[in-house]
Asker: 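Quick one: the structure is below, questions incoming.
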Amino acid sequence: MAIVKNLAFIPSERLKKLTESSDFEYNLSSLTPYPLDIIHYMLPLKLKFLKETYAVIDNGRIYGLITLETDDCNRKKLKISQLFLEENSIEYGELLINYVVNKFLAKGAQSFCVVVDEADDKLLKLFNDVCKFRTIADEYSFKLKKTDFPYTKEQSFDFIRFSKNSESTKIAQFYNGLINSHQMPAFEINEKYFKDSIFVGIKNNVCFKYVLECEKSKKLFGYFTISTKNNKDFVLEAALAPTYEIYLSDILKFAKYEISKRNSAWVLHVKIKSCFMNYNILLDVIKSYDFKYTKKSKILIKDLYKTAKADNHAYDKRIIFNDITPAY
């Protein structure tokens, strides 16, 4: 009989055997349990700040792993950031997904989000048809290397600065005002997100928040974040007011300058979501620089108001899903 357990209570030797026998690329070091994980497991949902990984075990063998991360914007929203399933184990994927959904719904969660490559038909079918997640937006990903985007070191970025906790309400109003109205319930950000968390030093994800501001009028016309989990792969997400989209190029130059001060070897992943009313213009700006377009993904969500039974299907394919983007 298959059971699901939190990774904090599974011996690391069993995980090592899994990687040795499965021949798949998975960051085992990120899954190594720490004493803090056991304490974190017992915390109520509103106090959770680290990721949690669950494994499905049948007859002593691990057939799948799933990782959840809390959403800094809303503690009642969770993101599925990693999923691994062994060959011929789709039924275990359904078990894992439904287990964490039901477990955290009982703890007070309201919705669950996952980002899936649109080319991965098997994984989309698992979430859409079997587990009844619904597609709400697209996400476009571009990869920028250190050598891809030249800039002048003397260039001034006086209009870019760190955001302040005291202006969180102002930033929230600006950011949410750029979201399409019909997608607002899924992507609206609480003003608390724009304040630095007290756990910022020990969280899995480090995030730097910036605003673009007119020096004379002090009016905000942009907001962006640079986040990383390993100080090598960085993720940039930006929101710019209409007619200010061209400033995306300045944001990229600034990001390259700031990241290069911290690390000599890095990769920047630029994410653009279709929930913003002017996302097409942002896409045109970034495409004009001929950066490497990596993939288009589907953003799927499951909430309290969408529940249905689904037939179980078996597919003869190993699934690996490992999303480097921060919960949002």
Asker: Using the side chain to side chain donor-acceptor pair (under 3.5 Å) criterion, which residues pair with Lys76? Sequence neighbours excluded.
Answerer: none

Asker: Using the test salt bridge (charged side-chain N to carboxylate O under 4.0 Å, His left out), find all partners of Asp121 that sit at least two apart in sequence or belong to another chain.
Answerer: none

Asker: Taking all heavy atoms of Ala255 and all of Ile226, pick out the closest pair and write down the distance.
Answerer: CB-CD1, 3.7 Å

Asker: Could you give me the CA-CA distance, side-chain angles and deciding distance for Lys232 and Val267, then say whether side chain to side chain contact (heavy atoms under 4.5 Å, CB included) is met?
Answerer: CA-CA 6 Å; Lys232 179 180 179 181; Val267 175; 5.7 Å; no

Asker: Would you say Arg134 and Ile301 make side-chain contact, with heavy atoms under 4.5 Å?
Answerer: yes

Asker: Please determine which of Asp138, Asp117, Asn128 meets the side-chain hydrogen bond (donor to acceptor under 3.5 Å, both in side chains) test together with Lys298.
Answerer: Asp138

Asker: Does Ser297 reach the main-chain N or O of Glu118 with its side chain, forming a donor-acceptor pair under 3.5 Å?
Answerer: no

Asker: Can you tell whether the side chains of Lys229 and Glu69 come within less than 4.0 Å, N to carboxylate O?
Answerer: yes

Asker: Can you find a side-chain donor-acceptor pair between Glu237 and Thr225 that sits under 3.5 Å?
Answerer: no

Asker: If you draw the axis of the six-membered ring of Tyr193, does the NZ or CZ of Lys209 fall within 45° of it and under 6.0 Å from the ring centre?
Answerer: yes

Asker: Evaluate the side chain to side chain contact (heavy atoms under 4.5 Å, CB included) criterion for residues Lys302 and Phe127: first the C-alpha distance (whole Å), next the side-chain angles of each, then the deciding distance (0.1 Å), finally the verdict.
Answerer: CA-CA 9 Å; Lys302 184 169 185 176; Phe127 279 103; over 6 Å; no

Asker: Please determine which of Phe291, Tyr289, Tyr293 meets the ring pair (Phe, Tyr, Trp, His ring centres under 6.0 Å) test together with Phe142.
Answerer: Tyr293

Asker: Check Ile136 against Ala186 and note the closest heavy-atom contact, atom names and distance.
Answerer: CD1-CB, 3.5 Å

Asker: Kindly indicate whether a cation-pi arrangement holds for Arg262 with Phe234, taking the cut-offs as under 6.0 Å to the six-membered ring centre and within 45° of the axis.
Answerer: no

Asker: Count I, L, V, M, F, W, Y as connected when their side-chain heavy atoms are under 4.5 Å apart, and connections chain through other members. Are Ile246 and Tyr140 then in the same cluster?
Answerer: yes

Asker: Could you label the plane-to-plane angle of the Tyr244 and Phe221 rings as parallel, tilted or perpendicular, counting under 30° as parallel and over 60° as perpendicular?
Answerer: parallel

Asker: For Ser89 versus Tyr63, what's the shortest heavy-atom pair and its separation?
Answerer: OG-CD2, 3.6 Å

Asker: Please round to the nearest 0.5 Å and tell me the distance separating atom NZ of Lys195 and atom CD1 of Ile171.
Answerer: 11.0 Å

Asker: Of all residues at least two apart in sequence or in a different chain, which pass the side chain to side chain donor-acceptor pair (under 3.5 Å) check with Tyr210?
Answerer: none

Asker: Would you compute the distance between atom CZ of Phe112 and atom SG of Cys131 and round it to the nearest 0.5 angstrom?
Answerer: 12.0 Å

Asker: Can you find a pair of side-chain heavy atoms, one from Lys5 and one from Ile57, that are under 4.5 Å apart?
Answerer: yes

Asker: Would you check if Asn278 and Glu245 make a side-chain contact, meaning some heavy-atom pair closer than 4.5 Å?
Answerer: yes

Asker: Counting only heavy atoms not in Lys292 (residues, nucleotides, ligands), do more than 12 fall under 6.0 Å from its NZ?
Answerer: no

Asker: Measure the spacing between CD1 of Ile189 and CZ of Phe174 and express it to the nearest 0.5 Å.
Answerer: 11.5 Å

Asker: Using a distance-only test with no angle check, is there a side-chain donor-acceptor pair under 3.5 angstrom linking Gln110 and Asp303?
Answerer: no

Asker: A side-chain contact here means heavy atoms from C-beta on lying under 4.5 Å apart; do Leu85 and Leu126 qualify?
Answerer: yes

Asker: Roughly how far apart are Lys103 NZ and Tyr54 OH, rounded to 0.5 Å?
Answerer: 4.5 Å

Asker: Donor-acceptor check, side chain of Asn263 to backbone of Asn231, threshold 3.5 angstrom: yes or no?
Answerer: yes

Asker: Do the side-chain N and O atoms of Ser141 and Lys271 include a donor-acceptor pair separated by under 3.5 angstrom?
Answerer: yes

Asker: Between Asn190 and Lys192 (side chain of the first, backbone of the second, donor and acceptor by atom type, cut-off under 3.5 Å), is there such a pair?
Answerer: yes

Asker: Please name all residues satisfying side chain to side chain donor-acceptor pair (under 3.5 Å) with Ser264, sequence neighbours left out, ordered by chain then number.
Answerer: none

Asker: Quick one: closest heavy-atom pair of Lys77 and Pro185, and the distance?
Answerer: NZ-O, 3.3 Å

Asker: State which residues pass salt bridge (charged side-chain N to carboxylate O under 4.0 Å, His left out) with Lys46; sequence neighbours excluded, sorted by chain then number.
Answerer: none

Asker: To check you understand the geometry: which heavy-atom pair defines the closest contact between Asp233 and Thr228, and what is its length?
Answerer: O-OG1, 2.9 Å

Asker: When you look at Val116 and Leu300, which way does the side chain to side chain contact (heavy atoms under 4.5 Å, CB included) test go after all the steps?
Answerer: CA-CA 8 Å; Val116 181; Leu300 301 94; 3.8 Å; yes

Asker: When you measure from the side chain of Glu94 to the backbone N and O of Tyr92, does any donor-acceptor pair fall under 3.5 Å?
Answerer: no

Asker: Taking side chain as C-beta onward, heavy atoms only, is Asn280 less than 4.5 Å from Leu282?
Answerer: no

Asker: Please report the interatomic distance CG(Leu78) to OG1(Thr67), rounded to the nearest 0.5 Å.
Answerer: 12.5 Å

Asker: Between atom CG of Asp284 and atom CG of Leu248, what is the distance when rounded to the nearest 0.5 Å?
Answerer: 11.0 Å

Asker: May I ask you to test the Lys256-Trp266 pair for a side-chain heavy-atom distance under 4.5 Å?
Answerer: yes

Asker: Under the side chain to side chain contact (heavy atoms under 4.5 Å, CB included) criterion, do Ile272 and Ile286 qualify, and how do the steps go?
Answerer: CA-CA 10 Å; Ile272 297 178; Ile286 196 168; 4.0 Å; yes

Asker: What heavy-atom pair brings Ala55 and Ile10 nearest, and what distance separates the two atoms?
Answerer: CB-CD1, 3.6 Å

Asker: Using a 3.5 Å distance criterion without hydrogens, assess whether the side chain of Ser260 forms a donor-acceptor pair with backbone atoms of Tyr257.
Answerer: no

Asker: State yes or no: do Leu178 and Ile281 share one hydrophobic cluster built from I, L, V, M, F, W and Y residues joined by side-chain heavy-atom distances below 4.5 Å, directly or via other members?
Answerer: no

Asker: Per the salt bridge (Lys or Arg N to Asp or Glu O under 4.0 Å) rule, what does the pair list look like for residues 158-179, sequence neighbours excluded?
Answerer: Arg161-Glu167, Arg161-Glu213

Asker: Counting N and O atoms only, with roles assigned by atom type, does the side chain of Asp120 sit under 3.5 Å from a partner on the main chain of Leu123, one being a donor and the other an acceptor?
Answerer: yes

Asker: Just so I know, are the side chains of Phe224 and Leu212 near enough to count as touching, which here means a heavy-atom distance under 4.5 Å?
Answerer: yes

Asker: If we only count heavy atoms from C-beta on, is the Phe104 to Lys48 side-chain gap below 4.5 Å?
Answerer: yes

Asker: Identify the residue among Tyr223, Phe276, Tyr247 that makes a side chain to side chain contact (heavy atoms under 4.5 Å, CB included) with Leu240.
Answerer: Tyr247

